[in-house]
Amino acid sequence: MSADTGFTPYKSEDLSERVKLSEIDHSIRTSGLFFLVSAVVWLLIGTVFAIISSYKMHTPEFLAQYEFLTFGRARSAHLNAMIFGWANNAIFCLGLWVMARLCRNRVRHGGLLLIAGAFWNLGVSIGIFGILTGKMTSVEWLEMPTEVAPVLAFSYVLIGIWGIMAFADRKSEHVYVSQWYILAALFWFPWLYIIAEVMILMVPARGVVQPITNWWFAHNVLGLWLTPVALGVAYYLIPKVLGKPIYSYYLSVIGFWTLALFYNWAGIHHLIGGPIPVWLQTAGIVASVMMTIPVVVVAINQHMTVVGEHDAVWKSPTLRFVVFGAISYTLVSLIGSAMALRVVNEVTHFTHFTVAHAHHGVYAFFTMIMFGGIYFVMPRFMKREWPSATLIRIHFWACALGITLYVVGLSIGGIIQGLELNKLDDEGSIVYPFLQVMANTLPWLASRTVSGILLTIGHFAFAIHFFWMLFAPANKTSEGPTLLAPNNS
Amino acid sequence: MNDLNQSWDIVIIILIVFGLLFFGIAAYALQWAAKNGQFQKFEKGSRVIFDEEEPEGEIADRFPSKKKPKAKH
């Protein structure tokens, strides 16, 4: 195709030199595109449910006549579509692509990956349909009916084994830090998912072991699945696009092993003050605070690599998103460590602050890095450029402003809510009646809907651009210039 | 009730075995990495992401511009 259009995403003008890298990209192209298309479709579906849920929070009568769109179902459909639909498909593409590139070997048995991907998306579709028809479980982050768990586990295992095989087949000597992150995540996710399904739903544990397992699982999906893959992608793309190695590679390796050591314990901080053993809560708090080590390590590395290169970051669609995500990682993690402290947790627990924090992590950090990765990988899959700089700008600004408004608005609202809930007068009785506290959150909930509209605009701009890129006739691109071509432009 | 207790016992034993196995894999990975020299020559390690096609010192991504490309590929 590149011979027809005259466009190549690679530097070398010598075809034979270009072949190796291009072959690796090409070998994962079909399954990679399948995962990306699925991811974008789930992103749109998740966005629609998000906007409905958000609007219902301040205007409960909205769409109240439809049973399948009641808040509980719409909100759970949103969460599951985003995590298991959007996030996992994006990871399957970008994680495996980074892995294949760093292993310097072509991907084999791409067809297997495609079958696994088809089953995965079938499982998620049935799961979301189950949630909407009222067959959901009452376990947060595992709302999909238990019947789909084997389908998801099976298709995941195929994908995971495939990733591990790619690693075993590597032609490179050194294991780059991104490979560590992604390889570990490929082991961690099935462990988390299977344990949680078994211990909570299939052969339920008794009593408080259930919520302990639940929050160990839910927090670690973020911490040991989304986070390591996003960091792996960032550790690959930031130095790659800038053309200079990471500031301190030594620190990045320490960052990986400390994350592996501490993050697993942190989820218990969701149950601070709950009826579970206090030593367990304290262990969770200690682990959450220890997480400052890997976080500060990433922050130093990211900052010191990017410093002095702001122009290049701004001119690269990939890095705009990835650096936004990396900065958000530092912020959200430090806030998270602080939230685990008992004095802070007393205020923020059971308020909208937690919701803001969750989106700060999964969206401002993880999703923005995935967007950046997609901007880098698509031209290499399609051997053509993104058709429109304007759409990329709309996407970036709508999402960056939208998520900032989201996090700031709901955080402020959440703190006010927490302080009002806890406020006692001199005689020790409650100052604000519960309904009053709820009414006071309304403006902040409305601000979330405004931010949701911005995010929706961003996502649709992205989706339009993505499918335009995918289906654009090949000859159009001959006019398009240099998204990637570094040739003296 | 007894049935549930019994099946729970079996499940917890299986999970503990797998948990230990899991931990063993992680410990082995760390030991392998140390022995294999993965924690040496960091300078070199940090450069494995570059190759002839996307070399060090070249910016690899830009916004699409309106101008026609000067160089012919």
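Each chain gets a letter, A, B and so on, in the order the sequences are listed, and its residues count up from 1.
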- Query: What pair of heavy atoms forms the shortest contact from B:E54 to A:R101, and how long is it?
  - Reply: OE1-NH1, 2.9 Å

- Message: Is the positively charged end of B:R47 above the ring of A:Y176, judged by distance under 6.0 angstrom from the centroid and angle within 45° of the axis?
- Response: no

- Report yes if some heavy atom in the side chain of B:D61 is under 4.5 Å from a heavy atom in the side chain of A:P379; otherwise report no. no

- Is there side-chain contact between A:W191 and B:F18, with at least one heavy-atom pair below 4.5 Å? yes

- Proximity breakdown for A:A205 and chain B, heavy-atom pairs closer than 4.5 Å: both

- Query: If you count heavy-atom pairs under 4.5 Å with chain B, which of A:A389, A:S248, A:S316 comes out on top?
  - Reply: A:S316

- Query: How about A:W257: does its CH2 atom have over 12 heavy atoms from other parts shown lying under 6.0 Å from it?
  - Reply: yes

- Message: Report which part of A:W180 has an atom under 4.5 Å of a heavy atom belonging to chain B: side chain, backbone, both, or neither.
- Response: side chain

- Can you tell which of A:S388, A:P387, A:P245, A:A260 has the highest number of heavy-atom pairs within less than 4.5 Å of chain B? A:P245

- Task: Decide if atom CD of B:E56 counts as having more than 12 heavy atoms of other residues, nucleotides or ligands within a radius under 6.0 Å.
- Result: yes

- Query: With respect to chain B, which residue among A:K244, A:M202, A:K240, A:R393 yields the maximal number of heavy-atom pairs within a distance under 4.5 Å?
  - Reply: A:K240

- Message: Once rounded to the nearest 0.5 Å, what's the spacing between atom CZ of B:F42 and atom OG of A:S252?
- Response: 8.0 Å

- Message: Tell me whether A:W216 at atom CH2 has more than 12 heavy atoms from other residues, nucleotides or ligands lying less than 6.0 Å away.
- Response: yes

- Engaged part of B:F50 at the chain A interface, taking heavy atoms whose separation is under 4.5 Å: both

- Under 4.5 Å to a heavy atom of chain B? For A:V253 that would be side chain

- Item | Over 12 foreign heavy atoms within 6.0 Å of CZ, B:F39 | yes

- Task: Check whether any side-chain heavy atom of B:W32 lies under 4.5 Å from a side-chain heavy atom of A:V175, and answer yes or no.
- Result: yes

- Mind checking whether B:V48 and A:S172 have side chains closer than 4.5 Å, heavy atoms only? no

- Note on the structure: Interface check, chain A: of B:A33, B:G45, B:G57, B:A29, most non-hydrogen pairs under 4.5 Å belong to B:G45

- Task: Please check if atom OH in A:Y249 has more than 12 non-hydrogen atoms from other residues, nucleotides or ligands closer than 6.0 Å.
- Result: yes

- B:I25, B:L15, B:I12: which one forms the most heavy-atom pairs within less than 4.5 Å of chain A? B:L15

- Item | Rounded distance [0.5 Å steps], CH2 in A:W188 versus CZ in B:F22 | 8.0 Å

- Query: How about A:R320 and B:F63: do any of their side-chain heavy atoms sit closer than 4.5 Å?
  - Reply: yes

